[in-house]
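Notes follow the structure.
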Amino acid sequence: MEKRAKLHELDMVRGMAIMGVMMVHATSFATVQMRGDRFFGLYNFLNIFSKVGTTTFIFLSSFVLFYNYFRRPLDKEVFVRFYRNRLMYILVPYVLFSVLFFILTWADRGLEWKAAAMLQDFWPKLLTGKAYTHLYFIFINIQFYLLFPVILLLLRRYRWAAAWSVWIGIALQWLFYTANDAWWDVTNRNSWSLSFLSYYFLGAWLGIYFDRIQIWLQDTRDAARPWLRQLGWAALWMAWLAAGITHVVLRYRERLYEMAYHPLLFDAFWNVHTLATALVMVQTALWLRDVSTWWGKGLRWLGVYSFGIYLVHPLVLFVYRKFPPASEQSWIQLGWYAGGLVSAVGISALLVYGMSHMGRWTWALFGRLPGNTRPRGRDNAPGSGAPVPETPVPDGSSTSTLQG
């Protein structure tokens with residue numbers, strides 16, 4: 001089978017997505033503690049408009065899987081290798097960081113060090129992604145990895161479903177949303193993959209038809225009616241901005257003035273904004289693929305190490321928040337929150353980069369990265385299930401959640 005082209009552009013998309021995650025987490029305390037402050041509108045905007053990171057990573061995970069597997073011959077060995085890679089490079093880091101953050105929070109709460117009590121508290125959190133606030137996302141991706149072979153085989157069998165997969169995903173997600181609101185009241189709704197089906201199916205659709213869709217996203221030279229394609233781009237970007245800003249305004253009014261809105265209204269605008277964001281980010285990366293600037297290189301570099309950065313950054317913020325400013329002056333507080341963002345990004349990225357070059361054993365912490373990969377062998381050959389080490393872009397089965 002002919003090897004599929006590597007998509008270097010996706011590292012920039014990952015870089016943009018991880019910056020969204022960093023922004024949300026760096027401003028989360030400000031949206032609670034700084035209400036009434038002159039900069040609360042800014043904190044609220046940055047916090048809400050940036051809530052696109054995890055959904056974009058779910059989209060990317062699905063995209064690269066369907067991009068590589070949909071037209072690939074499938075057999076038992078393919079799926080065995082698929083799950084072996086995820087067991088090693090996703091599940092092992094997830095367990096290790098769950099243990100780390102559980103011990104950290106246990107110590108911070110000043111609880112007694114009793115093994116029986118700790119294990120009783122730990123196991124349910126490990127099994128539901130609740131050992132720390134950010135680990136739910138990996139728990140969701142593990143669910144999607146379990147579903148992947150079934151969805152792949154169904155979409156290969158029923159090509160009409162592949163063509164309509166975006167709408168199928170949106171319908172299934174909103175069926176879950178509305179049923180949960182009316183009857184089920186599922187605990188921790190956003191810890192379950194059903195809450196993110198629209199992003200998963202959008203990624204599947206783009207991965208299956210990417211060769212055609214990227215032409216539409218990229219330029220108008222081949223279009224019979226260039227103005228019509230440009231109108232489509234304008235509609236996409238306007239929907240992205242309108243939904244995002246509306247969500248920001250609704251949250252601002254809720255947080256500051258305690259105005260009540262139905263939860264599904266927030267879900268609706270957030271869903272439109274985040275779905276559009278995935279396409280806007282891909283289009284932006286395609287437009288900038290040949291641009292060589294410091295910020296472009298920086299985003300791509302962050303994208304390469306995004307999985308490790310995602311796992312590590314709450315530890316940096318945990319320590320940083322132990323040293324709040326003595327002054328309550330607005331500008332000083334703003335500088336302190338900005339420092340949290342810079343620290344979370346910079347320290348986490350440098351830590352992951354440095355540790356990944358300390359030896360191959362670091363795969364257990366951060367998955368497979370350029371600094372800890374094996375020389376090319378059977379499992380690393382082009383067209384196999386594993387990523388190609390020297391090119392940190394997705395191939396047959398990108399081994400880290402945030403790297404697809």
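Along the sequence shown, the residues carry numbers beginning at 1. In this text the structure is predicted, and so the values were computed from the model without any measurement.
Annotation: Tyr158, atom OH; neighbour count of heavy atoms from other residues, nucleotides and ligands within 6.0 Å does not exceed 12. Environment of CH2 in Trp167: sparse, with no more than 12 heavy atoms of neighbouring residues, nucleotides or ligands closer than 6.0 Å. Other residues, nucleotides and ligands contribute more than 12 heavy atoms inside 6.0 Å of the CH2 atom of Trp184.
A donor-acceptor pair under 3.5 Å is formed between the side chain of His313 and the backbone N or O of Tyr310. Under the 3.5 Å distance criterion, the side-chain polar atoms of Thr178 are matched with a main-chain donor or acceptor of Leu175. A distance-only check finds a donor-acceptor pair linking the side chain of Tyr94 to the backbone of Leu126 [under 3.5 Å]. A donor-acceptor pair is defined here as one N or O able to donate and one able to accept, closer than 3.5 Å; such a pair exists between the side chain of Arg229 and the backbone of Asp219. Here the side chain of Arg156 pairs a donor or acceptor atom with the backbone of Phe70 at under 3.5 angstrom. Here the side chain of Trp287 pairs a donor or acceptor atom with the backbone of Gln218 at under 3.5 angstrom. In this structure, Ser343 contributes its side chain and Gly340 its backbone to no donor-acceptor pair below 3.5 Å. Remark: side-chain polar atoms of Arg71 are paired, donor with acceptor, to backbone N or O of Ile208 under 3.5 angstrom. In this structure, Ser62 contributes its side chain and Phe201 its backbone to no donor-acceptor pair below 3.5 Å.
Residues in residues 326-339 take part in these side chain to side chain donor-acceptor pair (under 3.5 Å) pairs, two or more places apart or across chains: Gln33-Tyr337, Asp37-Ser330.
Exactly one of Thr105, Leu315, Leu311 qualifies for a side-chain contact (heavy atoms from CB on, under 4.5 Å) with Tyr132. That residue is Thr105. Just one of Phe45, Phe40, Tyr261, Phe49 meets the ring pair (Phe, Tyr, Trp, His ring centres under 6.0 Å) condition when paired with Tyr252; it is Phe40. Gln173 pairs in a side-chain hydrogen bond (donor to acceptor under 3.5 Å, both in side chains) with only one of the listed residues (Ser195, Ser198, Ser193), which is Ser198. Exactly one of Asn141, Thr55, Asn271 qualifies for a side-chain contact (heavy atoms from CB on, under 4.5 Å) with Phe196. That residue is Thr55.
With 3.5 Å as the limit, one finds no donor-acceptor pair spanning the side chains of His134 and His25. When only modelled atom types and interatomic distance are considered, Asp121 and Trp106 share no side-chain donor-acceptor pair under 3.5 Å.
Residues Phe148 and Phe66 bring their aromatic ring centres within 6.0 Å. Note: Phe210 and Phe63 meet the aromatic proximity criterion, with ring centroids under 6.0 Å apart.
Closest heavy-atom contact between Leu146 and Tyr83: O-OH, 3.4 Å. Counting all heavy atoms, side chain and backbone alike, Leu119 lies closest to Pro124 at O-CD, 4.5 Å. The shortest non-hydrogen separation linking Ser356 to Leu369 is CB-CD1, 3.8 Å. The shortest non-hydrogen separation linking Pro93 to Gly367 is CG-N, 3.9 Å. Annotation for Tyr145 and Ser61: closest pair OH-OG, 4.3 Å, computed over non-hydrogen atoms. Heavy atoms only, all atoms of each residue included: Val248 and Asn44 are closest at O-ND2, 3.1 Å.
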Derivation and outcome, side-chain contact (heavy atoms from CB on, under 4.5 Å), residues Leu194 and Leu197 = CA-CA 5 Å; Leu194 293 174; Leu197 285 172; 3.7 Å; yes
query = Could you walk me through whether Met355 and Val352 pass the side-chain contact (heavy atoms from CB on, under 4.5 Å) check?
reply = CA-CA 5 Å; Met355 290 190 66; Val352 174; over 6 Å; no
ask   = Run the side-chain contact (heavy atoms from CB on, under 4.5 Å) check on Val52 and Met281 step by step: do they pass?
value = CA-CA 10 Å; Val52 297; Met281 284 187 177; 4.0 Å; yes
message = Is there a side chain to side chain donor-acceptor pair (under 3.5 Å) between Lys130 and Ser191? Walk through the geometry before answering.
response = CA-CA 9 Å; Lys130 293 295 181 182; Ser191 290; 3.2 Å; yes
request  = Give the intermediate values and the outcome of side-chain contact (heavy atoms from CB on, under 4.5 Å) for residues Phe307 and Ile18.
outcome  = CA-CA 9 Å; Phe307 181 54; Ile18 196 63; over 6 Å; no
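For Trp192, there are no side-chain hydrogen bond (donor to acceptor under 3.5 Å, both in side chains) partners at least two apart in sequence or on another chain. When the side-chain hydrogen bond (donor to acceptor under 3.5 Å, both in side chains) test is applied to Asp75, no partner is found at least two apart in sequence or on another chain. For Thr274, the side-chain hydrogen bond (donor to acceptor under 3.5 Å, both in side chains) partners two or more places apart in sequence, or in a different chain, are Tyr199. Evaluation of the side-chain hydrogen bond (donor to acceptor under 3.5 Å, both in side chains) rule for Trp237 yields Gln283 as partners, not counting sequence neighbours. In terms of the ring-ring contact (aromatic ring centres under 6.0 Å, His included) criterion, Trp294 has no residue partners (sequence neighbours excluded).
For the pair Arg72 and Tyr69, the cation-pi test (distance below 6.0 Å, angle within 45°) is passed. Because its NZ or CZ atom is both nearer than 6.0 Å to the ring centre of Tyr177 and within 45° of the ring axis, Arg189 counts as a cation-pi partner of that residue.
Going from atom CG of Leu236 over to atom CG of Leu231 covers 11.5 Å, rounded to the nearest 0.5 Å. Note that the CG atom of Asp181 and the CZ atom of Phe176 stand 11.0 Å from one another [nearest 0.5 Å].
Between Tyr305 and Trp301, the ring planes lie tilted relative to each other; the angle falls in the 30° to 60° range. The aromatic rings of Phe266 and His247 sit tilted relative to each other, their planes meeting at an angle between 30° and 60°.
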